[in-house]
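Working notes, structure below.
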Amino acid sequence: MTSKRNVIKHPQIKNPVETLANTRHEFGEHGGVNMSIEASTTFTAMHPDILADMFHGDKGPDQGGCYLYGRHFNPTVYSLSRQLAALEGTEAAYCTASGMAAISATLIQLCNTGDHIVSSHTVYGGTYALMHDMMPVKNGIGTTFVDITDLDEVEGAITTNTRVLYAESISNPTLRVADIPALSDIAHRHNLKLVIDNTFSPLIISPKQLGADIVVHSMTKFIGGASDHIAGAICADKDFILELMDLHTGALMLLGPTMDPKVAYDISLRIPHLSLRMTEHGQRAQLFAERLKAMGLNICYPGLPEHPDYELLSDLHCPDYGYGGILTLDMGTEELANQLMDMLQNDYRFGYMAVSLGYFDTLMSCSGSTTSSEMTEEDKLEAGISPGLVRMSVGYTGTTEQRWRQLQSALERLDIKGPGPMRVTA
Ligand code: PLP
């Protein structure tokens with residue numbers, strides 16, 4: 001049974017853009033409005049003692065402005081990381097070569113052999129595979145997967161070995177919303193770290209403000225915004241970021257998923273307009289969801305009052321950015337789903353059949369056979385990922401009405417505008 005959420009009224013969520021605007025601006029070496037790229041892999045010490053001090057941990061980027069080696073801290077990557085910390089309201093952050101690097105480094109840092117994780121069963125397929133297939137074998141770290149919306153099930157899965165409670169703020173692809181304040185309460189009562197993947201909802205949800213300990217991102221998605229860089233970030237307190245860089249036991253330092261400073265530079269220029277992009281993604285997704293719903297289609301979008309987590313998200317989100325840029329449309333069968341996507345891409349140029357999300361154009365994929373294919377059929381069924389489920393990351397190119405005409409026209413050609421296999425019956 002799903003336990004009823006105690007409605008806790010949160011102190012007004014602070015819009016992260018205000019914190020971001022107060023963050024130190026990084027000028028270029030010659031006073032350029034954009035920062036310079038520090039492309040060096042190694043850094044000159046002005047005195048022989050400095051290198052030894054750095055190896056002892058007595059000097060560093062925040063202790064004397066000293067840098068050691070590119071796999072440790074890099075000034076350009078550190079500058080982007082400060083932007084991410086401001087965005088997520090954490091004390092510190094550091095960026096990684098991918099979202100998976102951020103997730104795997106975080107989990108490996110938090111858990112030792114024999115430890116245990118409680119995770120939502122609806123997480124990105126790669127994250128699921130990491131916890132379900134890889135970590136038990138390679139690290140001796142087990143995971144129990146639960147329905148994250150069932151707080152009794154979550155608490156019941158915690159054992160004396162549990163170290164981490166893990167969830168996505170808005171789950172991929174089922175679009176269920178994690179009740180972060182309630183999960184934080186459970187995690188902290190059992191002395192666990194609450195780790196939230198906020199890839200689907202930057203700016204919309206601020207997990208740290210709601211009680212999460214560590215926030216991870218795949219910046220490959222909305223934050224990058226152009227589908228041109230694979231990148232990730234870990235936002236946490238300073239001690240945890242320093243732990244990740246420890247020369248003896250740090251998962252970032254020793255596994256080495258280092259972000260290229262040129263990538264960090266590129267992404268840092270996308271942060272200032274993330275708010276505009278998230279607003280537009282969200283407004284279009286909301287409108288399309290409402291219209292698809294009105295057509296009687298089987299649509300899932302957390303901004304629709306019928307969505308089981310509409311009230312929760314309305315309580316948790318920063319209202320300036322709406323309910324997110326992702327919706328799903330259940331076409332009933334994979335065949336119909338494929339026909340729709342084929343038409344939308346090849347006849348109408350509405351968007352592209354591609355995995356990933358957060359691009360300026362619309363991206364569409366059938367989650368069951370792609371980004372969630374790592375999950376067992378049983379787990380997919382349990383999570384509600386049916387074979388005809390099309391995940392749509394709604395882009396903002398073209399005009400809204402032009403895109404709507406294309407979508408409507410494709411659906412009409414498939415003759416599914418009225419009663420049919422996808423018609424909502426309840
Ligand atoms: N987290 C979520 C929610 C994702 O959707 C993805 C990728 O699709 C990842 C993490 C992994 O990110 P990356 O591909 O940058 O490693």
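Keep in mind that what you see is a predicted model, and the values were worked out from it rather than measured. Along the sequence shown, residues are numbered consecutively beginning with 1.
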Are any of the side-chain heavy atoms of Thr41 and Asn74 separated by less than 4.5 Å? no

Quick one about Arg277 and Tyr321 (side-chain donor to acceptor, distance below 3.5 Å, no hydrogens or angles considered), yes or no? no

Does the pair His132 and Thr143 meet the rule for a side-chain hydrogen bond (donor to acceptor under 3.5 Å, both in side chains), with working shown? CA-CA 7 Å; His132 186 265; Thr143 298; over 6 Å; no

Does any non-hydrogen side-chain atom of Pro181 lie less than 4.5 Å from one of Asp179? yes

For the backbone of Leu130 and the side chain of Asp133, can you confirm whether one donor and one acceptor N or O come within less than 3.5 Å of each other? no

How about Tyr166 and Ser120: does a side-chain donor come under 3.5 Å of a side-chain acceptor? no

So Tyr396 and His281, would you call those rings parallel, tilted or perpendicular, with 30° and 60° as cut-offs? perpendicular

Under 3.5 Å, is there a donor-acceptor pair between the side chain of Ser79 and the main chain of Pro75? no

Would you check, one step at a time, whether the test side-chain hydrogen bond (donor to acceptor under 3.5 Å, both in side chains) holds for Ser201 with Ser169? CA-CA 7 Å; Ser201 46; Ser169 48; 2.7 Å; yes

Determine the sole option in Ile117, Asn161, Leu107, Val164 for which the side chain to side chain contact (heavy atoms under 4.5 Å, CB included) test with Ile141 is passed. Ile117

is_close_aromatic(Phe222, Tyr359), centroid dist under 6.0 Å: no

Is it the case that the side chain of Gln286 and the backbone of Gly303 share a donor-acceptor pair, with hydrogens and angles ignored and the cut-off at 3.5 Å? yes

Of Thr370, Asn172, Thr174, which is the lone residue that meets side-chain hydrogen bond (donor to acceptor under 3.5 Å, both in side chains) with Arg391? Asn172

Nearest atoms (heavy-atom pairs only) where Phe240 meets Ala236: CD2-CB, 3.8 Å

Using the side chain to side chain contact (heavy atoms under 4.5 Å, CB included) definition, which of the options Arg349, Met353, Met392, Gln339 pairs with Leu344? Met392

Once you measure the plane-to-plane angle for His317 and Tyr323, does it fall in the parallel (<30°), tilted (30-60°) or perpendicular (>60°) bin? tilted

Stepwise side-chain hydrogen bond (donor to acceptor under 3.5 Å, both in side chains) test for Arg82 and Tyr94: CA-CA 8 Å; Arg82 276 196 293 273; Tyr94 206 67; over 6 Å; no

Taking only Lys NZ, Arg NE, NH1 and NH2, and the carboxylate oxygens of Asp or Glu, determine whether Glu401 and Arg405 approach each other closer than 4.0 Å. no

Atom of Val77, atom of Pro261 and distance for their closest heavy-atom approach: CG2-CA, 4.0 Å

Are there more than 12 heavy atoms of other residues, nucleotides or ligands under 6.0 Å from atom CD of Glu290? yes

Side chain Ser365, main chain Ser367, donor-acceptor under 3.5 Å: no

Tell me, with the steps shown, if Thr122 and Glu168 meet side-chain hydrogen bond (donor to acceptor under 3.5 Å, both in side chains). CA-CA 8 Å; Thr122 41; Glu168 292 174 358; over 6 Å; no

Short side-chain to backbone donor-acceptor contact, Asp150 and Glu153, under 3.5 Å: yes

Answer whether the closest heavy-atom distance between the side chains of Ile103 and Asp197 falls below 4.5 Å. yes

With a 3.5 Å distance limit and no angle check, can you tell me whether Thr127 reaches the backbone of Val123 through a side-chain donor-acceptor pair? no

Going by atom types alone, do Glu88 and Asn198 pair a side-chain donor with an acceptor below 3.5 Å? yes

Salt-bridge test for Asp185 and Arg189: reply yes if a basic N is under 4.0 Å from a carboxylate O, no otherwise. yes

If I compare all heavy atoms of Gln83 with all of Ser268, which pair ends up nearest, and what's the gap? OE1-CB, 3.1 Å

Flag the pair Ile299 / Leu304 as yes when at least one side-chain heavy-atom distance between them is below 4.5 Å, and no otherwise. yes

Specify the closest pair of heavy atoms between Val216 and Ala102, including all atoms of both residues, with the distance to one decimal. CG1-O, 4.0 Å

Asp342-Asn346 side chain donor-acceptor pair, cut-off 3.5 Å: yes

Check the side chains of His229 and Asp260 for a donor-acceptor pair under 3.5 angstrom, ignoring hydrogens and angles. no

Looking at Ser171, is its backbone amide N or carbonyl O close enough to the side chain of Arg176 to form a donor-acceptor pair, meaning the two atoms are under 3.5 Å apart? no

Can you give me the closest heavy-atom contact between Gly358 and Ser393, atom names plus distance? N-OG, 2.9 Å

State whether a side-chain donor-acceptor pair under 3.5 Å links Thr400 with Gln402. no

Ignoring hydrogens, what is the shortest heavy-atom contact between Ala289 and Leu327? Give both atom names and the distance. N-CD2, 4.1 Å

Interatomic spacing from OG in Ser275 to CD in Glu18 - rounded to 0.5 Å: 11.0 Å

Distance only, no hydrogens: is a donor on one side chain within 3.5 Å (strictly under) of an acceptor on the other, for Thr162 and His116? yes

Go through Glu378 and Lys380 one step at a time and tell me if the salt bridge (Lys or Arg N to Asp or Glu O under 4.0 Å) criterion holds. CA-CA 5 Å; Glu378 232 181 358; Lys380 275 192 263 188; over 6 Å; no

Are Phe73 and Tyr67 close enough that their ring centers fall under 6.0 Å? no

Could you tell me whether the side chains of Gln406 and Arg403 share a donor-acceptor contact shorter than 3.5 Å? yes

Asp213 side chain to Leu194 backbone, donor-acceptor under 3.5 Å: yes

Decide yes or no for Cys95 and Met259: does some side-chain heavy atom of the first lie under 4.5 Å from some side-chain heavy atom of the second? yes

Any luck finding a side-chain donor-acceptor pair between Asp147 and His121 under 3.5 Å? no

Are the side chains of Leu252 and Thr96 in contact, using a 4.5 Å heavy-atom criterion? yes

Is a donor on one side and an acceptor on the other found under 3.5 Å between the side chain of Ser36 and the backbone of Gly28? no

Indicate yes or no for a side-chain donor-acceptor contact from Ser119 to the backbone of Ala167 under 3.5 Å, with no hydrogens or angles considered. no

Determine whether Phe288 and Thr362 make a side-chain contact, defined as any pair of heavy atoms from C-beta on separated by less than 4.5 Å. no

